[in-house]
Amino acid sequence: MEADCGKVRDHDEGKKVVLNGWCRYIRDHGGLLFVDLTDRYGTTQLVFDGNLKKEAEELGKEYVISVEGTVRKREKDTVDPSNPTGNVEVRVESFRIINKSKVLPFEITEEKEKFLPSDDLRLKYRYLDLRRRRMVNNIEFRDKLTKTIRKFFWGEGFLELETPILVKDTYDASGSRTFITPSRMHKGKFYGLPQSPQVYKQLSMIAGLDKYFQVAKVFRDEDPREDRQPEFTQIDLEVSFKDEKYIQGLIEAMFKKVFEEVMEEKIELPFPHMDYLEAMERYGSDKPDTRFDNVLFDLTEELSKSDYNIIKKVISAGGKVKALKFSAEMGRKSQKIDKKKILELVEIAKNLGLKGLTWLYVIKDKIESDPPSIAASLSGVSKQMMSKLDAKDGDLILIGSDPSENILLAAMSRIGRIVGLVLRQAKKKYAFLWVDKFPLFEKDEVTGELQPMHNPFVAPTEETKDLIDSAPEKVLGKRYDLVLNGMEIGGGSIRIHNPDMQKKVLSKMGLSEEEIERSLGFLIEALSFGAPVHGGIALGFDRVVATLSGEYDIRDFILFPKNRRFESPLDGSPDSVSDKRLQNDYDLSVKNDKKS
């Protein structure tokens with residue numbers, strides 16, 4: 001029988017099998033040659049003996065071979081309990097080399113990550129990196145999720161539709177950088193690559209295709225970041241005549257299905273909700289990791305009356321003071337947060353732009369510090385401070401201060417999450433959270449101009465829409481984000497379906513009539529032909545897969561990702577194009593700055 005390398009078992013003893021795969025490990029034991037033959041499905045041990053052993057000595061690592069042989073049980077002292085095929089082996093009776101392999105640029109091994117080659121080397125030879133069992137498991141896990149999600153939406157009556165990849169560039173309206181590609185047939189004109197199927201799924205709703213979903217490839221020309229790639233995948237959906245509760249309930253049911261069928265676990269429904277302002281006030285983040293007790297306490301008023309000059313200067317400059325408290329069991333007594341770890345956190349705080357980070361210990365109802373002078377300068381307000389924190393003996397307190405509230409909140413949120421992960425104090429393995437009631441607009445920190453907090457298509461709430469002219473910064477949007485373990489894995493909204501309101505929002509962003517018409521005139525016209533109430537959500541599928549796997553590098557779940565500079569070591573992209581081709585096909589030229 002023809003089998004894969006993960007299929008043979010005890011009950012196949014005595015059977016003739018044909019196996020194909022790669023020679024992963026080769027061991028010469030004198031009269032016997034052992035080869036671990038590997039494919040996507042697993043590994044089977046081969047045994048070459050007699051005259052065949054001599055022929056097999058030319059085999060090298062990662063040679064591709066086909067063998068025929070007989071399955072037999074291993075000797076008891078050679079059984080490998082960690083391998084599903086570890087009770088048996090195949091005594092090879094004939095084999096042929098399908099292809100040889102050059103000397104490998106790195107060992108294909110399942111050893112710990114510290115033994116892996118550099119990221120760029122792994123990505124240059126990604127096809128070799130993908131042969132590792134961990135990587136195969138990651139790709140298969142992603143495939144299982146995709147299949148389960150597709151089946152779920154088909155079962156709910158959704159149409160799987162494909163929106164275009166070559167689209168109109170709407171940079172003026174979105175304010176986000178898009179990739180553009182020139183047209184050969186229309187020289188001097190460009191397509192944009194979609195940051196999301198947003199406009200086209202709205203047009204599908206106007207067309208009457210009331211339940212749409214797509215496993216969509218999208219593109220964003222943004223700055224590199226750990227959890228970001230220039231091209232990525234979204235689970236995208238849109239529905240008509242439904243509200244936020246329907247969409248959120250639908251996504252919860254989808255995750256329930258995923259956990260039951262793929263994770264083989266149960267999750268609690270419905271997911272909890274938190275308003276945006278509450279999330280920022282309590283956690284300093286609109287994507288809080290609620291597995292941990294990382295609630296922020298505002299100590300601005302209490303510490304303004306202290307003798308701690310560093311913090312008093314920040315407060316006098318209009319800044320604020322926030323504190324994190326970690327319980328005795330998780331703090332000092334755990335021995336996991338020592339002075340070395342504290343100094344690492346101080347360095348992280350500096351890199352995040354935070355002006356000051358102070359740590360204190362509560363010892364027998366008194367605060368202590370290193371150096372002691374800090375605790376002495378806070379002695380006059382220590383009781384009020386400990387009362388507000390409900391601090392107890394052994395607790396660790398981290399205090400941050402900065403003139404910029406944005407920097408303060410971002411830094412303290414990050415530090416709280418780092419400490420939580422170090423202490424492994426998670427109350428649950430998976431913490432889902434809906435964050436609601438986002439402002440429709442936010443002010444650009446540089447220009448002071450209004451810009452959409454998410455995108456310009458979010459509908460204002462009924463309670464606040466009348467404020468759009470008099471106080472636009474107070475308008476709330478029908479927007480909702482889904483957070484899992486401190487990672488924003490999705491965001492959606494009910495959309496603007498009224499053309500006048502859509503124009504109003506775009507004008508509040510500072511766009512002229514001409515700019516609105518040029519960027520989104522086609523959508524506004526479509527909205528004027530009887531657009532239904534509609535809304536949806538987009539889930540960052542790469543983030544979903546990584547987070548459910550307990551990982552944080554989305555590249556390990558993408559077949560051929562880019563590196564942290566958004567380059568592909570595998571094929572050398574992005575690459576230059578000849579001047580001749582640019583001129584002849586696109587009537588373009590590249591300005592080369594030799595000084596740079």
Side-chain angles (χ1 to χ4, degrees), residues 118-120 122-123 165 167 169-181 190-198 216-234 284-287 347-354 402 404-411 413-415 417-418 438 441-456 481 483 486-491 509 519 538-547 551-558 560-576 590-591 593 596:
S118 67
D119 284 353
D120 275 7
R122 285 178 63 196
L123 294 179
I165 294 297
V167 300
D169 179 47
T170 57
Y171 172 79
D172 288 343
S174 67
S176 299
R177 289 190 297 273
T178 54
F179 287 101
I180 57 174
T181 182
F190 299 81
Y191 297 103
L193 300 184
Q195 299 183 58
S196 138
Q198 180 66 52
K217 183 69 75 174
V218 294
F219 310 85
R220 293 185 187 173
D221 189 10
E222 298 177 325
D223 294 332
R225 201 172 67 189
E226 184 178 8
D227 60 347
R228 182 180 286 166
Q229 285 277 292
E231 56 178 313
F232 54 98
T233 304
Q234 287 183 176
S285 171
D286 59 1
K287 43 183 182 291
E347 196 60 34
I348 290 170
K350 288 180 181 178
N351 292 335
L352 293 171
L354 193 66
D402 199 275
S404 168
E405 187 170 13
N406 288 340
I407 290 176
L408 176 62
L409 293 176
S413 174
R414 176 78 177 273
I415 289 167
R417 191 164 189 268
I418 290 171
F438 286 86
F441 299 106
E442 61 183 349
K443 284 189 177 181
D444 186 286
E445 290 188 357
V446 177
T447 66
E449 295 179 352
L450 288 178
Q451 59 185 15
M453 180 166 272
H454 292 97
N455 64 54
D481 280 358
V483 178
M487 180 78 72
E488 180 195 323
I489 61 169
M509 294 165 49
S519 293
L539 299 172
F541 189 53
D542 309 297
R543 291 183 181 181
V544 169
V545 177
T547 306
E551 303 285 346
Y552 292 96
D553 192 339
I554 64 174
R555 296 177 305 165
D556 282 347
F557 299 86
I558 298 174
F560 296 105
K562 306 294 187 287
N563 64 17
R564 298 192 190 281
R565 299 179 300 280
F566 289 179
E567 301 164 330
S568 173
L570 176 70
D571 59 18
S573 62
D575 199 3
S576 57
V590 175
K591 182 180 179 181
D593 186 357
S596 61

For this session: Keeping the roles fixed (side chain from Arg543, backbone from Ile489), state whether a donor-acceptor pair exists under 3.5 Å.
Result: no

Exercise. How close do Gly284 and Ser413 get, heavy atom to heavy atom, and via which atoms?
Worked result: O-CB, 3.7 Å

Exercise. Just how far is it from atom CD of Gln198 to atom CD of Gln234, taken to the nearest 0.5 Å?
Worked result: 9.5 Å

Problem set entry | Exercise: do Asp119 and Asn563 side chains pair donor with acceptor under 3.5 Å | no

Problem set entry | Leu409 side, atom CG; Leu354 side, atom CG - distance, nearest 0.5 Å | 10.5 Å

Seminar exercise, completed: In terms of heavy-atom contacts, Met509 and Phe441 come closest through CG-CE2, 4.3 Å

Exercise. Should we count NZ of Lys287 as having more than 12 external heavy atoms under 6.0 Å?
Worked result: no

Problem set entry | SB check Arg228 Asp223 (cutoff 4.0 Å) | no

For this session: Using a 4.5 Å cut-off on heavy atoms from C-beta on, say whether the side chain of Glu442 contacts that of Gln451.
Result: yes

Problem set entry | Spatial distance of atom CD1 (Ile418) from atom CZ (Arg414) [nearest 0.5 Å] | 5.0 Å

Exercise. Can you find a heavy atom in the side chain of Leu123 that is under 4.5 Å from one in the side chain of Arg564?
Worked result: no

For this session: Could you verify whether a donor N or O on one side chain and an acceptor N or O on the other, from Asp571 and Ser573, lie under 3.5 Å apart?
Result: yes

Problem set entry | Side chains of Asp169 and Phe190 in contact at under 4.5 Å (non-hydrogen atoms) | no

For this session: Please report the shortest heavy-atom distance between Ile407 and Leu352, naming the atom on each side.
Result: CG2-O, 3.7 Å

Exercise. Got a second to check how far Arg177's CZ is from Arg220's CZ, nearest 0.5 Å?
Worked result: 12.5 Å

For this session: Please report the shortest heavy-atom distance between Val218 and Ser196, naming the atom on each side.
Result: CG1-CA, 3.6 Å

Exercise. Is the count of non-hydrogen atoms from other residues, nucleotides or ligands lying under 6.0 Å from Phe179 atom CZ greater than 12?
Worked result: yes

Exercise. So, the side chain of Asp542 versus the backbone of Phe557: is there a donor-acceptor pair under 3.5 Å, distance only?
Worked result: no

Seminar exercise, completed: CZ (Phe541) and CD1 (Ile558) are apart, to the nearest 0.5 Å, by 11.0 Å

For this session: Side-chain contact test, heavy atoms from C-beta onward, threshold under 4.5 Å: evaluate it for Phe438 versus Asp286 and give yes or no.
Result: yes

Exercise. Any chance NZ of Lys217 has more than 12 other-residue heavy atoms, nucleotides or ligands included, within less than 6.0 Å?
Worked result: yes

Problem set entry | Taking every non-hydrogen atom, the tightest pair across Thr170 and Ser519 | CG2-O, 3.6 Å

For this session: Indicate yes or no for a side-chain donor-acceptor contact from Gln195 to the backbone of Thr178 under 3.5 Å, with no hydrogens or angles considered.
Result: no

